[in-house]
J.: 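There's a structure below that I have some questions on.
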There are 2 protein chains.
Amino acid sequence: MKDLLPVINYISRYVDLTDDEKNHLTSFLKITKVKKRQFIVQPGFVCKHKSYVVKGAFRGYLVDNNGKEHTLSFAIEDWWISDYSSLIYQEPATLFVEALEDSVLIQIEYEDEQQFLKEIPKLEKFERIITQRSLAFHQKRLLSNLTKTAEERYDEFMSKYSAIAQRVPQYALASYLGFSTEYLSKIRNGKTSKS
Amino acid sequence: MKDLLPVINYISRYVDLTDDEKNHLTSFLKITKVKKRQFIVQPGFVCKHKSYVVKGAFRGYLVDNNGKEHTLSFAIEDWWISDYSSLIYQEPATLFVEALEDSVLIQIEYEDEQQFLKEIPKLEKFERIITQRSLAFHQKRLLSNLTKTAEERYDEFMSKYSAIAQRVPQYALASYLGFSTEYLSKIRNGKTSKS
DNA sequence: CTTATTTCCTAAACCAGTTCATTTTTATTT
DNA sequence: AAATAAAAATGAACTGGTTTAGGAAATAAG
């Protein structure tokens with residue numbers, strides 16, 4: 001299936017797969033199309049797959065006791081998204097994962113992945129490496145939240161991920177960076193800068 | 001070496017190792033003793049090992065441009081610590097990792113680990129699993145910082161990690177939870193509670 | 001056991017970012 | 001194209017947490 005190639009190519013950046021391995025792996029992948037505003041993960045339901053974004057944009061977020069939304073992650077083309085905690089422990093999710101645009105995904109089911117990790121040990125290495133990188137990323141983000149002001153975090157995000165910033169609603173960006181939409185508005189319109 | 005058994009036992013919680021594998025692995029482990037206030041990682045130097053705490057307590061922290069300290073992680077007995085980002089990318093560290101007490105460590109060198117990951121593929125699975133769990137932990141912490149007040153984060157930490165709270169200085173705990181020591185003092189002495 | 005250093009506490013002034021309330025703009029639907 | 005809903009802007013009042021500055025305890029060192 002040509003449509004499933006992007007995931008094979010993604011994995012091939014980290015480990016070398018034989019043609020047989022590629023074919024075997026491909027048999028487990030599924031293409032899914034979702035419409036804007038549709039959820040692929042919802043609180044209370046166990047997250048059954050990880051999703052690679054072929055086309056579109058997604059947002060993973062938590063709704064707190066006061067009804068406020070807090071964005072944990074975004075994903076656009078060539079990124080993965082899921083409720084990671086729900087997926088690895090196979091526990092009910094706490095996050096919503098919602099399509100911000102009409103999108104196309106390639107999905108891997110949890111059980112299938114457990115199976116081919118046994119069959120193709122090379123994929124353990126792939127999993128280890130991308131998980132390590134994701135962990136390093138999250139540690140940096142934690143430190144960034146601890147050390148930087150709202151405006152500094154905004155500037156940092158804009159310089160690193162302007163492609164994402166341009167595609168997601170402003171309230172989603174604010175809730176990712178950890179402040180209110182009103183404050184983001186102020187930052188954007190220069191009410192806080194010193195010249 | 002009997003002293004190195006704790007790490008073998010730790011790994012054996014996640015994967016089954018043969019006696020040969022255990023022996024081979026043991027040959028790469030090194031015991032290190034460090035005194036209180038000693039650093040095992042410093043900014044500017046590439047982090048060359050991950051450390052398992054046999055005895056003692058550690059703290060990993062960043063010093064920002066204003067000289068303020070921000071704690072990323074603690075480690076007591078049966079935990080691991082390092083500058084993870086520096087370790088996996090073999091880049092200069094940004095963190096200090098400092099002993100809070102006289103301590104004993106079992107260390108694994110970066111190159112040695114790369115080698116035995118090739119020799120014993122089972123260890124890839126071990127690495128994957130603990131990295132996944134650490135990632136899930138950091139995601140939860142990130143969400144906790146986004147959704148909860150200082151006092152709620154304090155209460156949460158005390159109920160989950162009172163063993164750590166009792167052993168680390170208060171300024172270290174405050175800087176982990178993301179607020180000032182003065183505010184921690186207020187929380188502890190009930191100046192903020194509603195009755 | 002005495003001195004120095006590090007850690008912890010207290011309180012008032014302050015500020016980065018929130019909340020609330022309303023308006024304007026931009027998308028989406030009919 | 002009009003109607004409706006969703007997203008962004010604006011400003012004034014407010015608050016959770018910081019800063020500054022000091023003193024009191026506790027630890028470590030001579």
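Chain identifiers are assigned alphabetically (A, B, ...) following the order of the sequence lines, protein sequences preceding nucleic acid strands; residue numbering begins at 1 within each chain.
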J.: Please list, for nucleotides 7-9 of chain D, all pairs of protein and nucleotide N/O atoms separated by less than 3.5 Å.
T.:
| unit_1 | atom_1 | unit_2 | atom_2 | d |
| --- | --- | --- | --- | --- |
| dA7(D) | OP1 | Tyr171(A) | OH | 3.1 |
| dA8(D) | OP1 | Gln170(A) | N | 2.9 |
| dA8(D) | OP2 | Gln170(A) | N | 2.9 |
| dA8(D) | OP2 | Tyr171(A) | N | 3.3 |
| dA9(D) | OP2 | Gln170(A) | OE1 | 2.5 |
| dA9(D) | OP2 | Ser185(A) | OG | 3.0 |
| dA9(D) | O5' | Ser185(A) | OG | 3.4 |

J.: If hydrophobic clusters are built by linking Ile, Leu, Val, Met, Phe, Trp and Tyr wherever their side-chain heavy atoms come under 4.5 Å apart, do Phe179(B) and Ile164(B) end up in the same one?
T.: yes
J.: How bent is the helix from dC1(C)-dG30(D) to dT30(C)-dA1(D), comparing axes over its five end pairs at each side, to the nearest 10°?
T.: 60°
J.: Under a 4.0 Å N-O cut-off, is there an ion pair linking Lys140(B) with Glu156(B)?
T.: no
J.: His70(B) NE2 to dT18(D) C1': how many Å, rounded?
T.: 12 Å
J.: Could you check how far CG of Leu100(A) sits from P of dA27(C), rounded to whole Å?
T.: 15 Å
J.: Evaluate the ring planes of Tyr52(A) and Tyr10(A), with Trp represented by its six-membered ring, and classify them as parallel (under 30°), tilted (30 to 60°) or perpendicular (over 60°).
T.: perpendicular
J.: What are the two closest non-hydrogen atoms of Phe58(B) and Leu105(B), and how far apart are they?
T.: CE1-CD2, 3.4 Å
J.: In whole angstrom, give the distance that lies between atom CG of Asp102(A) and atom C1' of dT28(C).
T.: 13 Å
J.: Taking only residues two or more places apart in sequence, or in another chain, which ones meet Lys125(A) in a salt bridge (charged side-chain N to carboxylate O under 4.0 Å, His left out)?
T.: none
J.: Show every side chain to side chain donor-acceptor pair (under 3.5 Å) that has at least one partner inside residues 26-40 of chain A, sequence neighbours left out.
T.: Thr32(A)-Gln107(A)
J.: In whole Å, what is the span from the CZ atom of Arg167(A) to the P atom of dA27(C)?
T.: 15 Å
J.: For Glu101(A), what residues pass the salt bridge (charged side-chain N to carboxylate O under 4.0 Å, His left out) criterion, not counting sequence neighbours?
T.: Arg167(A)
J.: From Gln139(A) CD over to Leu142(B) CG, what is the distance, rounded to the nearest 0.5 angstrom?
T.: 11.0 Å
J.: Expressed in angstrom and rounded to an integer, what is the separation of Leu173(B) atom CG from dC9(C) atom P?
T.: 11 Å
J.: Nearest whole angstrom, please: distance from the C1' of dT5(C) to the NZ of Lys36(B).
T.: 12 Å
J.: Show me the protein contacts with nucleotides 13-17 of chain D, counting only N or O atoms at under 3.5 Å.
T.:
| unit_1 | atom_1 | unit_2 | atom_2 | d |
| --- | --- | --- | --- | --- |
| dG17(D) | OP1 | Ala150(B) | N | 3.1 |
| dG17(D) | OP2 | Tyr183(B) | OH | 3.1 |

J.: Under 6.0 Å from the six-membered ring centre of Tyr176(A) and within 45° of its axis: does the NZ or CZ of Arg141(A) meet both?
T.: yes
J.: For the side-chain contact (heavy atoms from CB on, under 4.5 Å) test, which of Gln114(A), Glu119(A), Lys118(A) pairs with Phe116(A)?
T.: Glu119(A)
J.: Could you pull out the closest heavy-atom pair between Ser86(A) and Cys47(A), with the gap in Å?
T.: OG-N, 2.9 Å
J.: Please state how far atom CD1 in Ile187(B) lies from atom P in dA11(C), giving the value in whole angstrom units.
T.: 17 Å
